[in-house]
2 protein chains.
Amino acid sequence: MNAPVERVDALCQLLRERGERLTRARRAVIDALVASGDHLTAEQISTCVQEAHPEVHRATIYRTLDTLTELGVTEHSHLGHGPAVYHLADELHQHMVCEACGDVTEVPTSLLRNLGKRLRNDYGFVMRPTHFAIVGQCRECATD
Amino acid sequence: MNAPVERVDALCQLLRERGERLTRARRAVIDALVASGDHLTAEQISTCVQEAHPEVHRATIYRTLDTLTELGVTEHSHLGHGPAVYHLADELHQHMVCEACGDVTEVPTSLLRNLGKRLRNDYGFVMRPTHFAIVGQCRECATD
DNA sequence: ATCTTTGCAAACTTTTTGCACCAAT
DNA sequence: ATTGGTGCAAAAAGTTTGCAAAGAT
């Protein structure tokens, strides 16, 4: 549950360079995301942060995530119904969600490259993958 | 705003064959979907239905859409944040949404075929496209 | 000292649920 | 006459907002 300090520091540094204030809440959110190295819901981040700083409010988590997203530090995706999941922006990956068992697999975005090219050629559309998951059924559920 | 009667009748027929009751509310929802021939939010369907039947409640719209989905008559997709959109299940298409201007384009699912094959080969995953939109920027917004 | 950010409470949006009544078969 | 569907009101789930007070620079 401990985040690599230098990674967290680098991101805090980045905040300061952009003229953003570095608060307890913000450091804690960054900490949670770096520590998990994974996708977390706002609620999970909140729980995580409140272990160390019980006074930090859910609303602050959302506002912090907004700020971090504007700075290009975080992104969120939707895996299905329910809450969005947040992760560091450098962990670029597409999610594949089984609608039967809920299992989430990460797939390299390279798989989407051809689709991206076609959409650009045919429609002039610049795809930004990873915002929405790919929905379907995983191997186990599909063969039932 | 008038739906092709035979199309609506066919779907009502289908309900009856499956042992479902045919109510004013259900016929009205089917009517709205067939008439629009497009994707509508639950709220839009509700508004539409209430023009003819003001007593029909939003909750009934949701329950009806659930039933119709179980019967394979309707599906819903997510185009972004905000409400899901519902459409007849036979109108199978992938949505492409511009996150800048909100413009929605429908693209044939054939474009996704290769991706589908690779996911199946590499992961055993059976993709069900169309549940989530593809997000990105349309030609105009991308070239700004 | 200044001006952002926070905590709180309350609103908001979309969807779901419990329950008594109504209506389709 | 049955049973399933409906209307209503209320809650749930996820997220956003207004405001006064606290805190970072």
Side-chain angles (χ1 to χ4, degrees), chain A residues 11-30 32 39-47 49-50 52-71 73-86 102 131-133, chain B residues 9 11-30 32 39-47 49-50 52-71 73-86 102 131-132:
Chain A
L11 291 172
C12 290
Q13 190 56 31
L14 195 152
L15 280 212
R16 231 190 256 101
E17 276 163 20
R18 308 286 186 91
E20 292 288 333
R21 294 190 180 175
L22 191 47
T23 64
R24 216 178 311 118
R26 289 180 172 184
R27 177 176 271 276
V29 169
I30 292 174
H39 33 65
L40 298 175
T41 64
E43 171 105 28
Q44 289 172 319
I45 294 172
S46 186
T47 302
V49 164
Q50 293 194 345
H53 306 283
E55 79 283 4
V56 173
H57 196 270
R58 247 185 7 272
T60 302
I61 305 288
Y62 280 107
R63 283 189 282 224
T64 299
L65 288 168
D66 273 1
T67 304
L68 292 176
T69 298
E70 267 157 39
L71 294 171
V73 172
T74 56
E75 306 213 315
H76 75 264
S77 342
H78 300 273
L79 303 184
H81 298 160
V85 293
Y86 295 81
H131 186 237
F132 279 135
Chain B
D9 283 347
L11 291 172
C12 291
Q13 190 57 31
L14 195 152
L15 280 212
R16 230 189 256 101
E17 276 162 20
R18 308 284 186 94
E20 293 288 334
R21 293 189 182 174
L22 192 47
T23 64
R24 216 179 310 119
R26 290 178 170 186
R27 177 176 271 276
V29 169
I30 292 173
H39 34 65
L40 298 175
T41 64
E43 171 104 27
Q44 289 172 319
I45 295 173
S46 186
T47 303
V49 163
Q50 294 195 344
H53 306 283
E55 79 282 5
V56 173
H57 197 269
R58 250 189 0 274
T60 301
I61 305 287
Y62 280 106
R63 284 189 281 225
T64 300
L65 289 168
D66 273 1
T67 305
L68 293 176
T69 298
E70 267 158 38
L71 293 171
V73 172
T74 56
E75 306 212 315
H76 74 265
S77 342
H78 300 273
L79 303 183
H81 299 161
V85 293
Y86 296 81
H131 185 237
F132 279 134

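Order of the sequence lines fixes the chain letters, A, B, ..., with proteins taken first and strands second; residue numbering starts at 1 for each chain.
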Undergrad: Are A:Thr60 and A:Val49 side-chain neighbours, meaning at least one heavy-atom pair lies under 4.5 Å?
TA: no
Undergrad: Do the side-chain N or O atoms of A:Thr60 get closer than 4.0 angstrom to the phosphate oxygens (OP1, OP2) of C:dG7?
TA: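 A:Thr60 to C:dG7 OP1/OP2: side-chain N or O found under 4.0 Å.
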Undergrad: Would you tell me if any nitrogen or oxygen in the side chain of A:Thr23 comes within less than 4.0 Å of OP1 or OP2 on C:dT6?
TA: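 Yes.
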Undergrad: In this structure, how many angstroms lie between the P atom of D:dT15 and the CD1 atom of A:Ile45, rounded?
TA: 10 Å
Undergrad: Starting the side chain at C-beta, find the nucleotide from D:dT25, C:dT6, D:dG5 nearest to A:Arg21.
TA: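 Ranking D:dT25, C:dT6, D:dG5 by closest atom to the A:Arg21 side chain puts D:dT25 first.
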Undergrad: What is the nucleic acid contact for B:Ala59, judged by heavy atoms within less than 4.0 Å: base, sugar-phosphate only, or nothing?
TA: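 Base contact.
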Undergrad: Could you tell me if the side chain of A:Leu65 sits less than 4.5 Å from the side chain of A:His76, heavy atoms only?
TA: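 No - every pair of side-chain heavy atoms lies 4.5 Å or more apart.
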Undergrad: Just so I know, are the side chains of A:Leu15 and A:Leu68 near enough to count as touching, which here means a heavy-atom distance under 4.5 Å?
TA: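 A side-chain contact under 4.5 Å exists here.
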Undergrad: Please work out if A:Glu43 contacts a base, only the sugar-phosphate, or nothing of the nucleic acid, heavy-atom cut-off 4.0 Å.
TA: nothing
Undergrad: Would you kindly give the CD1-to-P distance between A:Ile61 and C:dT5, to the nearest whole Å?
TA: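 Rounding to the nearest Å, CD1 of A:Ile61 and P of C:dT5 are 15 Å apart.
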Undergrad: Could you point out which residue of B:Leu71, B:Thr64, B:Thr69 forms a side-chain contact (heavy atoms from CB on, under 4.5 Å) with B:Thr67?
TA: B:Leu71
Undergrad: Taking for each residue the nucleotide of DNA chain D with the nearest heavy atom, is it B:His81 or B:Val56 whose nucleotide lies nearer the 5' end?
TA: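 Of the two residues, B:Val56 wins.
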Undergrad: Mind checking A:Arg26 for me? I need base, sugar-phosphate or nothing, with any heavy atom below 4.0 Å counting as a touch.
TA: sugar-phosphate
Undergrad: Which nucleotide wins on minimum distance to the side chain of A:Arg16, given the candidates D:dG5, D:dT25, D:dT15?
TA: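 The nucleotide sitting nearest to the side chain is D:dT25.
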Undergrad: Do the side-chain N or O atoms of A:Tyr62 get closer than 4.0 angstrom to the phosphate oxygens (OP1, OP2) of D:dT16?
TA: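 No, because none of the side-chain N or O atoms of A:Tyr62 sits under 4.0 Å from OP1 or OP2 of D:dT16.
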Undergrad: Take atom CD of A:Glu17 and atom C1' of D:dT25, then tell me their distance rounded to the nearest Å.
TA: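 Checked: the CD to C1' distance equals 16 Å.
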Undergrad: Could you tell me how far apart A:Arg24 (CZ) and D:dG23 (C1') are, to the nearest whole angstrom?
TA: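 Nearest whole value for this atom pair: 8 Å.
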Undergrad: Measure CG/A:Leu15 against P/D:dA24 and give the value in whole Å, please.
TA: 14 Å
Undergrad: In this structure, how many angstroms lie between the C1' atom of D:dT15 and the CD atom of A:Gln44, rounded?
TA: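 That distance rounds to 16 Å.
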Undergrad: Which nucleotide in the list C:dC8, D:dG23, C:dT15 gets nearest to the side chain of A:Arg63?
TA: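 Taking heavy atoms from C-beta onward, the closest nucleotide is C:dC8.
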Undergrad: If you check the B:Leu22 side chain, which of D:dT15, D:dC19, C:dT25 turns out closest?
TA: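 The closest nucleotide is C:dT25.
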Undergrad: Whole-Å distance between D:dT17 P and A:Arg58 CZ?
TA: 15 Å
Undergrad: Specify the separation, in whole Å, of atom NE2 of A:His57 and atom P of D:dC19.
TA: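 From A:His57 NE2 to D:dC19 P: 17 Å.
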Undergrad: Is A:His131 close to A:Glu75 at the side-chain level, that is, under 4.5 Å between some pair of heavy atoms?
TA: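 A side-chain contact is absent here, since even the closest heavy-atom pair is not under 4.5 Å.
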